[in-house]
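Data block below; observations after.
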Amino acid sequence: MSVVQVEAAFDDVSYWYPGVDAAVLDQVAWSIERGAFVVVAGPSGSGKSTLLRCFNGLVPHFSGGRMAGSAQVRGLDTREHGPRSLSRSVGFVFQDPEAQSVAENVEDDIAFGLEQAGVPRQTMRKRVEEVLDLLGIAALRHPHVSTLSGGERQRVAVASALVLQPEMLVLDEPTSQLDPWGAEDVLTALHRLNEDLGLTIVLAEHRLERVAAFADEMRIIRDHLPVFDGCPGEAMLVLPDDAAPPLARLARSLGWDRAPVTIKEARRLLGSLALPPMPVELPSSPGSPIIEITDLSVGYGARRVLDRLSLAIAPGEFVALMGRNGSGKTTLLRSMMGLTQIAAGAVRVGQHDARGSKPEELAGIVGYVPQQPGRILFAERLIDELRFTLKHRPAERSWSARDPQQLLDELGLAGLEERNPRDLSAGERERAALAAVLVGAPKVLLLDEPTRGMDAARKRSLAALLRREQANGAAIVMATHDVELVAECASRVVLLGEGEVVADGSPREVLSGSLTFATQINKLVGDRYLTVEDVVSALKPG
């Protein structure tokens, strides 16, 4: 008779952050078997990150506050053993990859933990080489960490945790900034380590369509309490429509008796269902551009990031910038904001030459939310962030400003007005930065991975809000890897590769039939179908 070995056990764990009356975790009881692959899901701010930090002792040793109950990880009580001793067996990947960078060079950054553990040099070099190959980042071994894109940093952070060969790996949204190729590489590597070596994996993620197929178990948290523990297929039926992946929503719409988690499974359920051809869209005339980019070249040292790129964007367009990590999306957005030194070419935003303008001069018409939203949040209270934007808004545009409280309500931040933005969850910080920019009703809105840390319901609310800004004439340029969001709300997709425009057209033109950027629905039914709504509409009589 086999004996199930428990990797971690939580016994009525409750936790309160310093100065906060409400518990972030409320009497959590949970056990994880050794060798399990567990996905933790739930809305932003529900307590997922706090729960994960209990595994390596960051809660309560680093976070402070009060903790009740007990958490045992590999036989160690986390109240008695902190991150230092737990790190020998528990690897941790933070939501923000910058929080894990300690060295200037990528190879040195990955090797840092091994050096601290006194691993022999030959063994160290072998392990670093293995994780570089495992995650497909061998080409990044020499660059300075500061020159990497957010997605590249995220893969380096995963490598830094794996190189220590932990027996348990805990990851907080490890694919949030990764392109579809990178996400698949990382998840495939984790699955292989889980299957071949029995590595226990606990992973928090919002994009369930990416991870559900790899999981043995899914735990759903809502309002700081677990509401479901079970297999991913059953979890898909528990999730509300606004949080479920496309395949699960399609299953409900078509009345299937179970929700598939893979395309292969969905095709079996779909059977011989035939859909009519998707009508061809007539191209629209966008009008005079508010953003004009001509032969733009930008580089960092010897590395050319943008190469003679030309692009025009008109008011009322919603443009999604897509492409691999490192393809130049962030650099292009920063060039429009006057934050990057331009080697050649021109960037004109409205009546301003971005090359010769200071960012504060462009701020009157351009709103920019960077990949690290905390960089634009500095006030002690969230409401003061919005008031600062309104105070420094050009007088001639004060008539179009948004109501701060209404905007916070729309972004799901009501009740957080008095909170310090830096105390918010990653998803809440992202929305706080967005609110601080949107309140000024900018003519041009530049967003760099705005859905990082956002649950599916918040993403749909954000999509509706951005469509409203678009209808009011704002030009929106959003760098993202979220193909499902792009299919829902973008009017145009610009695909970058090696600093050049590879494709430029409507979402149906660019995303349909792609091996990488196709949506789940397009992979399932083909043609130019992108969303669940497309399929449901096509099946309606008449």
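All values below come from the heavy atoms of this structure, side chains included, with hydrogens, waters and symmetry mates left out.
Taking CD1 of Ile293 as the start and OG of Ser335 as the end, the distance is 7.5 Å to the nearest 0.5 Å. Atoms NE2 and OG, from His206 and Ser44 in turn, are 3.5 Å apart once rounded to the nearest 0.5 Å. Between the CZ atom of Arg153 and the CG atom of Leu140 there is a distance of 12.0 Å, given to the nearest 0.5 Å. In this structure, CG on Leu193 lies 6.5 Å from CD1 on Ile201, to the nearest 0.5 angstrom. From Ile32, atom CD1 reaches atom CZ of Phe10 across 6.5 Å, with rounding to the nearest 0.5 Å. From Leu333, atom CG reaches atom CD of Gln371 across 9.5 Å, with rounding to the nearest 0.5 Å.
For Ser461, the side-chain contact (heavy atoms from CB on, under 4.5 Å) criterion is met by no residue, not counting sequence neighbours. The side chain to side chain donor-acceptor pair (under 3.5 Å) test applied to Arg222 returns no partner, not counting sequence neighbours. When the side chain to side chain donor-acceptor pair (under 3.5 Å) test is applied to Asp409, the partners found at least two apart in sequence or on another chain are Gln405. Residues satisfying the side chain to side chain donor-acceptor pair (under 3.5 Å) test with Arg207, not counting sequence neighbours, are none. With sequence neighbours excluded, the residues that form a ring pair (Phe, Tyr, Trp, His ring centres under 6.0 Å) with His191 are Phe214. Every residue two or more places apart in sequence or in another chain that forms a salt bridge (charged side-chain N to carboxylate O under 4.0 Å, His left out) with Arg219 is listed here: Asp229.
Thr78 and Cys54 get closest at one heavy-atom pair: CG2-O, 3.4 Å. Contact between Ser101 and Val145 at its shortest, heavy atoms only, is OG-CG1, 3.6 Å. Leu25 and Gly47 get closest at one heavy-atom pair: CD2-O, 3.7 Å. Across all non-hydrogen atoms, the minimal contact from Ala475 to Ile290 is CB-CG2, 3.7 Å. Annotation for Asp448 and Tyr368: closest pair OD2-OH, 4.4 Å, computed over non-hydrogen atoms. Residues Thr50 and Val59 come closest through the heavy atom pair O-CG2, 4.0 Å.
Thr188 places a side-chain N or O within donor-acceptor distance of the main-chain N or O of Glu184, the cut-off being under 3.5 Å. One N or O on the side chain of Gln154 and one on the backbone of Glu173 form a donor-acceptor pair closer than 3.5 Å. Side-chain N or O atoms of Asp384 include none that pairs as donor or acceptor with a backbone N or O of Glu380 at under 3.5 Å. Checking side-chain atoms of Ser63 against main-chain N and O of Pro60 turns up no donor-acceptor pair under 3.5 Å. Under a 3.5 Å cut-off, the side chain of Lys48 and the backbone N or O of Pro43 do form a donor-acceptor pair. Side-chain atoms of Asn325 do not come within 3.5 Å of backbone N or O of Ser149 as any donor-acceptor pair. No donor-acceptor distance shorter than 3.5 angstrom exists from the side chain of Arg422 to the backbone of Arg429, with no hydrogens or angles considered. Between the side chain of Arg210 and the backbone N or O of Glu205 there is no donor-acceptor pair closer than 3.5 Å. A distance-only check finds no donor-acceptor pair linking the side chain of Gln470 to the backbone of Arg468 [under 3.5 Å]. The backbone N or O of Leu178 sits nowhere less than 3.5 Å from a side-chain atom of Thr175 that would complete a donor-acceptor pair.
Taking the side chain as every heavy atom from C-beta outward, Val73 and Val90 approach each other to under 4.5 Å. Counting heavy atoms from C-beta on, the side chains of Val349 and Ile365 come closer than 4.5 Å. Considering only heavy atoms from C-beta on, Val347 comes within 4.5 Å of Ile342 through its side chain. At least one side-chain heavy atom of Val38 sits less than 4.5 Å from a side-chain heavy atom of Trp30. The shortest distance between side-chain heavy atoms of Lys443 and Pro315 does not fall below 4.5 Å. Annotation: side chain of Arg66 is not in contact with side chain of Tyr17 (no heavy-atom distance under 4.5 Å). In this structure, Pro442 and Val366 have side chains that are not in contact, with every pair of non-hydrogen atoms separated by 4.5 Å or more. Contact check for Val186 versus Trp181: no side-chain heavy atoms found under the 4.5 Å cut-off.
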query = Yes or no on salt bridge (Lys or Arg N to Asp or Glu O under 4.0 Å) for Arg402 and Glu469, after CA distance, side-chain angles and deciding distance?
reply = CA-CA 11 Å; Arg402 301 283 301 276; Glu469 296 294 317; 2.4 Å; yes
Salt bridge (Lys or Arg N to Asp or Glu O under 4.0 Å) evaluation trace for Arg381 with Glu418 = CA-CA 5 Å; Arg381 302 185 307 162; Glu418 301 299 317; 2.6 Å; yes
query = Please walk me through it: do Glu428 and Arg419 pass salt bridge (Lys or Arg N to Asp or Glu O under 4.0 Å)?
reply = CA-CA 11 Å; Glu428 289 166 342; Arg419 290 278 300 276; 5.3 Å; no
request  = Could you walk me through whether Leu485 and Met478 pass side chain to side chain contact (heavy atoms under 4.5 Å, CB included), step by step?
outcome  = CA-CA 11 Å; Leu485 178 69; Met478 177 177 69; 3.8 Å; yes
ask   = Val437 and Ile376: side chain to side chain contact (heavy atoms under 4.5 Å, CB included), yes or no, with the steps?
value = CA-CA 9 Å; Val437 168; Ile376 64 170; 4.0 Å; yes
task = Report the C-alpha separation of Glu484 and Arg249 in whole Å, then their side-chain angles, then the decisive distance to 0.1 Å, and conclude whether the salt bridge (Lys or Arg N to Asp or Glu O under 4.0 Å) test is met.
result = CA-CA 13 Å; Glu484 306 294 344; Arg249 289 190 287 120; 5.7 Å; no
task = Run the numbers on Asn56 and Phe62 for side chain to side chain contact (heavy atoms under 4.5 Å, CB included), then give the verdict.
result = CA-CA 10 Å; Asn56 70 341; Phe62 179 80; over 6 Å; no
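Surrounding CD of Gln116 are more than 12 heavy atoms belonging to other residues, nucleotides or ligands, all under 6.0 Å away. In Glu104, the CD atom is not crowded: 12 or fewer heavy atoms of neighbouring residues, nucleotides or ligands sit closer than 6.0 Å.
For the side chain to side chain contact (heavy atoms under 4.5 Å, CB included) with Leu311, the lone residue among Leu332, Leu296, Val319 that qualifies is Leu332. Considering Asp455, Val39, Val261 in turn, Val39 is the only one that fulfils the side chain to side chain contact (heavy atoms under 4.5 Å, CB included) rule with Leu208.
A side-chain N or O of Glu7 and one of Thr200 form a donor-acceptor pair less than 3.5 Å apart. Side-chain N/O atoms of Ser146 and Tyr300 include no donor and acceptor closer than 3.5 Å.
Using a 4.0 Å cut-off between a side-chain N of Lys or Arg and a carboxylate O of Asp or Glu, Lys459 and Asp242 do not qualify as a salt bridge. Checked for salt-bridge contact, Glu317 and Arg492 meet the test: a charged N lies under 4.0 Å from a carboxylate O. In summary, Asp185 and Arg155 engage in a salt bridge, as defined by a charged side-chain N under 4.0 Å from a carboxylate O.
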